[in-house]
Number of protein chains: 2
Amino acid sequence: MRQTRYQQIADDLRRRMGEGEFGAGRLLPSEADLSATYDASRVTVRRALEQLRDEGLVSSRQGFGWFAATDPVRQSLGRLGTIESQLAADGLSSERRILDFRFLATPPARVREVLGPGPVLRVRRLNMADGHPFAVVTVWCPDQYGAELSRADVARSPFYELIGIPLGSATQTIGAAAASAHDAELLGIPEHSPVLICERVTRAAHGEPILVSEHVFPAHLTEFVVELTHADASMAPSGLRLVE
Amino acid sequence: MRQTRYQQIADDLRRRMGEGEFGAGRLLPSEADLSATYDASRVTVRRALEQLRDEGLVSSRQGFGWFAATDPVRQSLGRLGTIESQLAADGLSSERRILDFRFLATPPARVREVLGPGPVLRVRRLNMADGHPFAVVTVWCPDQYGAELSRADVARSPFYELIGIPLGSATQTIGAAAASAHDAELLGIPEHSPVLICERVTRAAHGEPILVSEHVFPAHLTEFVVELTHADASMAPSGLRLVE
DNA sequence: ATGTAGACAAGTATAGGACAAGTGCGCCAG
DNA sequence: CTGGCGCACTTGTCCTATACTTGTCTACAT
């Protein structure tokens with residue numbers, strides 16, 4: 001047994017919810033039904049459901065049942081899956097609208113810090129989910145790798161596939177800020193409303209940084225979920241650090 | 001024999017783990033299984049596993065099993081340590097100022113969902129770094145565990161130490177919002193300025209949720225860092241999900 | 001010092017069951 | 001048509017039992 005049974009069931013339910021099988025606030029099958037379909041005891045099914053409840057994906061009412069906590073389409077993006085893959089599973093459009101595609105001789109300071117002083121390709125795009133904008137993404141990539149890419153390439157495929165070299169580790173930084181006028185307009189939210197900002201430095205397998213990306217999400221639409229398999233020795237959220 | 005048997009086994013297990021045979025928090029074969037496959041006694045297998053435990057590669061729980069401790073997210077989060085330890089390393093003071101300490105007969109709905117309907121202890125505090133506030137923290141804890149705690153206890157020690165039962169996993173949700181008037185005043189920031197909000201459900205080793213906590217940080221002071229040891233198959237930040 | 005073999009205690013996961021309490025719905029008496 | 005009752009079904013909470021796991025110990029061989 002590689003995993004506990006209730007975790008397998010929780011994973012499967014999470015996946016099924018992600019595929020929209022249980023719609024907006026709809027009821028899930030009863031514990032008895034799930035127990036039968038998974039061929040597991042009710043205790044085990046309950047443990048799986050309770051874990052999903054801890055994650056905020058479902059709620060329950062005695063005598064009534066278990067139901068998806070929020071809108072299924074958005075709910076679909078469970079746990080550590082990626083948004084595009086989840087949307088694809090839903091058959092929903094996850095369109096990448098390219099806003100800007102240009103080579104910069106002198107990148108911003110932060111990008112130079114990571115990628116070095118050379119020229120870079122900067123691509124700015126708007127990610128759409130189900131017809132609505134949900135992220136403004138900017139990607140910086142060294143000239144060397146970006147030179148062979150076309151605007152059409154970038155619109156069609158994820159960036160990482162186009163680079164053509166194996167990726168290694170990445171460092172992801174999550175912060176918050178007030179929306180700039182520009183981002184607010186693109187995302188259809190009021191200026192200065194809160195946004196989540198995720199900066200990511202992706203490195204090649206050999207360790208050299210090859211991509212810097214910044215994702216801006218409306219705060220009311222998005223949140224990050226991190227599973228910690230053993231609780232940290234502190235009440236403070238893990239991974240947090242003070243900046244500047 | 002140039003090497004001891006248990007060192008050979010430890011080396012082999014280390015190699016197998018390095019090849020990803022036991023990924024992220026997955027269970028290893030039981031001591032009995034390993035004993036059979038390596039044709040060694042259980043004691044010897046244990047010595048090998050204990051060596052790996054000393055190296056931080058695996059953990060174990062009685063009655064459950066051995067599992068790989070190499071979850072990239074958790075590892076990096078753990079490595080970063082807590083804010084308090086960072087402050088201590090910088091020679092800065094950190095203080096916990098208790099704002100409120102009371103028992104609630106009927107907790108908020110979200111807390112009831114996780115902890116159950118019973119009464120809870122709610123502690124609200126202001127975390128200070130170098131004399132400046134940097135977090136408003138609210139912790140909910142079942143009456144059962146909170147009954148023996150005093151206000152002084154909570155001010156002195158981290159909550160997790162006071163509960164006195166071993167902690168298991170946790171689920172951490174990171175989002176952003178505009179600061180409420182109350183939080184803004186406590187943190188010394190303008191109302192509606194962006195804040196990072198981290199909700200955390202901490203479970204005991206046996207899986208029962210025992211703590212719900214909410215941390216509110218000023219966005220300009222704080223960010224989360226997540227290390228991914230192998231880049232995800234998407235440009236989208238890992239762990240993100242859309243909500244409501 | 002290292003390894004083998006075995007026995008026992010303590011903890012975990014799961015199955016299966018019983019019962020209480022809450023919900024929704026149809027039926028029936030009025 | 002309406003109100004109330006009962007029935008079927010649901011979750012919430014307990015219990016026992018079993019199989020399996022790690023933790024710990026003793027005895028013995030190399």
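Computed from a predicted model, the values in this text were never measured in an experiment. Naming: A, B, ... by sequence-line order, numbering from 1 per chain.
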- Message: For a quick test of reading the model: is some side-chain N or O of B/S30 closer than 4.0 Å to OP1 or OP2 of D/dT21?
- Response: yes

Between the protein and nucleotides 21-26 of chain C, which nitrogen or oxygen pairs are less than 3.5 angstrom apart?
| unit_1 | atom_1 | unit_2 | atom_2 | d |
| --- | --- | --- | --- | --- |
| C/dA21 | N3 | A/Q62 | OE1 | 3.1 |
| C/dG22 | N2 | A/G63 | O | 3.1 |
| C/dT23 | O4' | A/G63 | O | 3.3 |

- CG of A/D39 versus P of C/dA15: gap in Å, rounded? 7 Å

- Message: Without decimals, in angstroms, what is the distance between A/L28 CG and D/dT10 P?
- Response: 13 Å

- Message: If you assign each of B/Y6 and A/V45 to its closest nucleotide in DNA chain C, which residue comes earlier from the 5' end?
- Response: B/Y6

- Message: Can you confirm whether B/E185 is buried at CD, in the sense that more than 12 heavy atoms of other residues, nucleotides or ligands lie under 6.0 Å from that atom?
- Response: no

- Message: Can you tell me how far apart CE (B/M128) and CZ (B/R97) are? Round to the nearest 0.5 Å.
- Response: 4.0 Å

- If you round to the nearest 0.5 Å, how far is OG of A/S193 from NE2 of A/H220? 7.5 Å

- Task: Measure from CD on B/Q8 to C1' on C/dG3 and round the result to the nearest Å.
- Result: 12 Å

- Message: Whether the side chain of B/R112 engages the backbone of B/P107 through a donor-acceptor N/O pair (distance < 3.5 Å, no angle test) should be reported.
- Response: yes

- Message: Nearest 0.5 Å, please: how far is CZ in B/F67 from OG1 in A/T4?
- Response: 11.5 Å

- Query: What is the distance from CD of B/E208 to P of D/dG12, rounded to the nearest Å?
  - Reply: 15 Å

- Message: Under a 4.0 Å threshold between the charged nitrogen and the carboxylate oxygen, would B/E214 count as salt-bridged to B/R200?
- Response: no

Do any N or O atoms of the protein come closer than 3.5 Å to N or O atoms of nucleotides 13-16 of chain D, and which pairs are they?
| unit_1 | atom_1 | unit_2 | atom_2 | d |
| --- | --- | --- | --- | --- |
| D/dT13 | O4 | A/R42 | NH1 | 3.3 |

- Any side-chain donor near an acceptor of the partner, B/R53 and B/S59, under 3.5 Å: no

- In whole angstroms, the gap separating C1' of D/dC20 from CZ of A/R5 amounts to 17 Å

- Item | Nucleotide D/dT22, atom C1' - distance to CZ of B/F67 in whole Å | 11 Å

- Phosphate contact (C/dT14 OP1 or OP2) by A/S41 side-chain N/O below 4.0 Å: no

Distances under 3.5 Å between nitrogen or oxygen atoms of protein and nucleotides 28-30 of chain D:
none

- How long is the line joining CZ of B/R53 and C1' of D/dT22, in whole Å? 9 Å

- Item | N or O in side chain of A/S60 less than 4.0 angstrom from D/dG12 OP1/OP2 | yes

- Message: Taking CG in B/D54 as the centre, count heavy atoms belonging to other residues, nucleotides or ligands within less than 6.0 Å. Is the count above 12?
- Response: yes

- Task: Using atom CD of B/Q7 as one end and atom P of C/dG3 as the other, report the distance to the nearest whole Å.
- Result: 8 Å

- Message: Between B/S35 and B/A40 (side chain of the first, backbone of the second, donor and acceptor by atom type, cut-off under 3.5 Å), is there such a pair?
- Response: yes

- Query: Is the phosphate of D/dT21, meaning OP1 or OP2, less than 4.0 Å from a side-chain N or O of B/W66?
  - Reply: no

- Query: Are OP1 or OP2 of C/dA15 and a side-chain N or O of A/T44 less than 4.0 angstrom apart?
  - Reply: yes

- Message: Strictly distance-based, threshold 3.5 Å: is any side-chain N or O of B/D153 a donor or acceptor partner for the main-chain N or O of B/S150?
- Response: yes

- Message: Please determine whether a side-chain nitrogen of the Lys or Arg among B/D12 and B/R14 lies less than 4.0 Å from a carboxylate oxygen of the Asp or Glu.
- Response: no

- Okay, side chain of B/R151, backbone of B/I98: is any donor-acceptor separation there less than 3.5 Å? yes

